[in-house]
Every structure is written in structure tokens, then in C-alpha cells.
Amino acid sequence: AQGANVTSNCYESTPSNRHYTLKWKAQGHTFFDDWEFDTGHGATNGAAQYLDKSSGFAHGVLSTTDTSAKIHVGKAFHTDGGPRRYSAKISTKARYKHFLQVMKYKHAPFGLGIWPAYWMLGDGHWPDAGETDILEYASHRGQRVGVHVGSSNHCQLSKREVTKWG
């Protein structure tokens with residue numbers, strides 16, 4: 001049966017006989033081991049200076065304990081090009097057709113110039129391949145969840161279903 005919030009060919013249920021097995025675990029001191037780190041200014045108009053893993057730990061942007069990992073709001077600094085803040089942007093090339101993911105957040109920083117986010121991208125070019133925002137605090141706005149698709153994507157989401165609470 002099709003979901004109430006999508007048109008045909010946009011929704012696929014996981015087969016009922018499918019059982020999940022653990023394929024990847026990111027936790028504690030090894031949390032950052034299998035991530036790819038973007039470096040440089042990225043798409044933030046230069047406001048963030050993304051650090052690699054070793055620089056992230058050295059500048060206090062990354063930290064781990066036996067049971068947790070943290071990405072901290074980095075130190076602000078000034079350059080001739082304007083103010084910057086150290087940050088980390090991590091991603092993985094792992095792709096799954098069906099998956100179950102569990103994340104536990106103890107704290108998500110927010111405030112002017114802060115943009116913690118956790119999202120999933122489809123395989124291909126954005127936005128046509130799709131994006132699902134799971135956690136996103138953009139600057140001083142509250143937490144938002146979103147789904148983005150490009151004009152060539154045939155999926156049509158019902159605004160009523162996507163924006164309802166509960």
C-alpha cells in the first residue's frame with residue numbers, strides 16, 4: 001500500500017521478512033574513525049573553517065569519551081576576510097536501501113551563527129537526489145525537520161502530512 005503522503009513509485013516498504021544486522025557502529029573513542037572530514041570554508045560563505053580530524057581534536061572541536069563523541073562549537077577568530085569559527089563537517093559514503101539508525105543527542109547548540117545539522121542525502125546531485133533533514137538548528141531558529149527534492153524528482157509530498165505534528 002502506498003503511504004498517504006507520497007505518490008506512486010516514491011515509497012517502498014521494507015520487506016516484512018527483513019531482519020536488520022549491525023553493519024556500522026560509531027561510538028565513543030572510535031566514533032570519528034570511519035567518517036570523512038571536509039576541510040576549508042565550505043558552503044558557509046567563509047564563516048566556518050572546517051578542520052580535519054587531527055586538527056579538530058587539537059583545536060577542541062572534537063572530543064570523545066568511552067561512551068560518547070562530541071562536536072563542539074569552535075573558537076571564533078578573525079582574518080582579513082572576516083570573522084571565522086572552527087568547525088567540523090563529517091560525512092560518509094555509506095549507502096543503504098533499507099536501514100535503521102539510532103542517534104542519541106545529549107545537547108545541540110544553537111544561537112546566532114551556529115548551525116548544527118544532521119541530514120541524509122540521496123545518491124546523486126542535490127536537490128534532485130533528495131535530502132532529509134533529521135536535526136537542524138539554523139542560527140537562532142528552533143529545530144526543524146525537512147525534506148527537499150528537486151524539480152526533476154517525481155515524488156510529491158503532501159504538505160498536510162509533512163507539516164502535521166505528532
Side-chain angles (χ1 to χ4, degrees), residues 11-15 18-79 81-150 162 165-166:
Y11 178 79
E12 180 181 330
S13 297
T14 303
R18 177 86 178 217
H19 299 283
Y20 291 99
T21 58
L22 183 63
K23 298 220 182 217
W24 181 29
K25 182 177 183 179
Q27 179 179 330
H29 293 298
T30 62
F31 181 90
F32 296 108
D33 289 356
D34 294 320
W35 293 94
E36 296 180 16
F37 284 77
D38 286 359
T39 57
H41 299 297
T44 62
N45 296 320
Q49 176 67 41
Y50 295 129
L51 302 174
D52 62 28
K53 181 179 168 185
S54 61
S55 297
F57 278 104
H59 285 279
V61 172
L62 306 175
S63 67
T64 62
T65 68
D66 289 340
T67 59
S68 67
K70 295 179 184 176
I71 300 177
H72 303 270
V73 174
K75 178 182 174 185
F77 62 97
H78 293 278
T79 69
R84 305 278 189 266
R85 182 177 297 279
Y86 289 126
S87 187
K89 182 177 181 183
I90 59 176
S91 61
T92 178
K93 297 291 185 196
R95 298 286 185 254
Y96 303 97
K97 183 173 183 179
H98 302 283
F99 67 97
L100 172 67
Q101 180 174 335
V102 178
M103 295 285 292
K104 180 179 179 182
Y105 302 95
K106 290 184 180 179
H107 174 72
F110 65 93
L112 191 59
I114 308 296
W115 196 325
Y118 180 69
W119 66 87
M120 297 184 308
L121 297 174
D123 199 16
H125 296 288
W126 187 91
D128 290 331
E131 173 185 334
T132 302
D133 298 321
I134 297 168
L135 174 132
E136 186 171 28
Y137 286 87
S139 201
H140 61 280
R141 295 185 336 194
Q143 203 305 72
R144 299 194 185 253
V145 175
V147 177
H148 308 277
V149 295
V162 171
W165 292 83

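From a predicted model like this one, the values you see are computed outputs, not experimental measurements.
- In terms of modelled atom types and a separation under 3.5 Å, the side chain of Asp133 and the main chain of Glu136 share no donor-acceptor contact.
- In this structure, CD on Glu131 lies 5.5 Å from CG on Leu121, to the nearest 0.5 angstrom.
- Annotation: side chain of Trp119 is not in contact with side chain of Thr132 (no heavy-atom distance under 4.5 Å).
- For the pair Ile71 and Val61, the minimum side-chain heavy-atom distance is below 4.5 Å.
- When all heavy atoms are compared, the tightest approach of Ser87 to Ala48 is CB-CB, 4.1 Å.
- Looking only at side-chain heavy atoms (C-beta outward), Lys70 and His107 stay at 4.5 Å or farther from each other.
- Contact detail for His59 and Tyr86: the closest heavy-atom pair is ND1-CE1, 3.6 Å.
- Classification of the Phe57-Phe32 ring pair by plane angle, with boundaries at 30° and 60°, yields perpendicular.
- Note: Leu62 CG to Phe37 CZ = 5.0 Å, rounded to the nearest 0.5 Å.
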- Item | Candidate pair Ile134 and Met103, rule side-chain contact (heavy atoms from CB on, under 4.5 Å), full reasoning | CA-CA 10 Å; Ile134 297 168; Met103 295 285 292; over 6 Å; no
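- The shortest heavy-atom contact between Leu51 and Gly56 is CB-N, 3.9 Å.
- For Thr30 (side chain) and Gln27 (main-chain N/O), a donor-acceptor pair under 3.5 Å exists by modelled atom type.
- Atom CE of Met120 is separated from atom OG of Ser91 by 14.5 Å, given to the nearest 0.5 angstrom.
- Residues Phe77 and Gln49 are in side-chain contact: their nearest non-hydrogen atoms beyond the backbone lie under 4.5 Å apart.
- For the pair Phe31 and Thr67, the minimum side-chain heavy-atom distance is 4.5 Å or more.
- Expressed to the nearest 0.5 Å, how far NE2 of His78 lies from CZ of Arg85 amounts to 10.0 Å.
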- Message: Determine whether Thr65 and His29 satisfy the following criterion, side chain to side chain donor-acceptor pair (under 3.5 Å), listing intermediate values before the conclusion.
- Response: CA-CA 6 Å; Thr65 68; His29 293 298; 6.0 Å; no
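- Between the NZ atom in Lys53 and the OG1 atom in Thr39 there is a gap of 15.0 Å [rounded to 0.5 Å].
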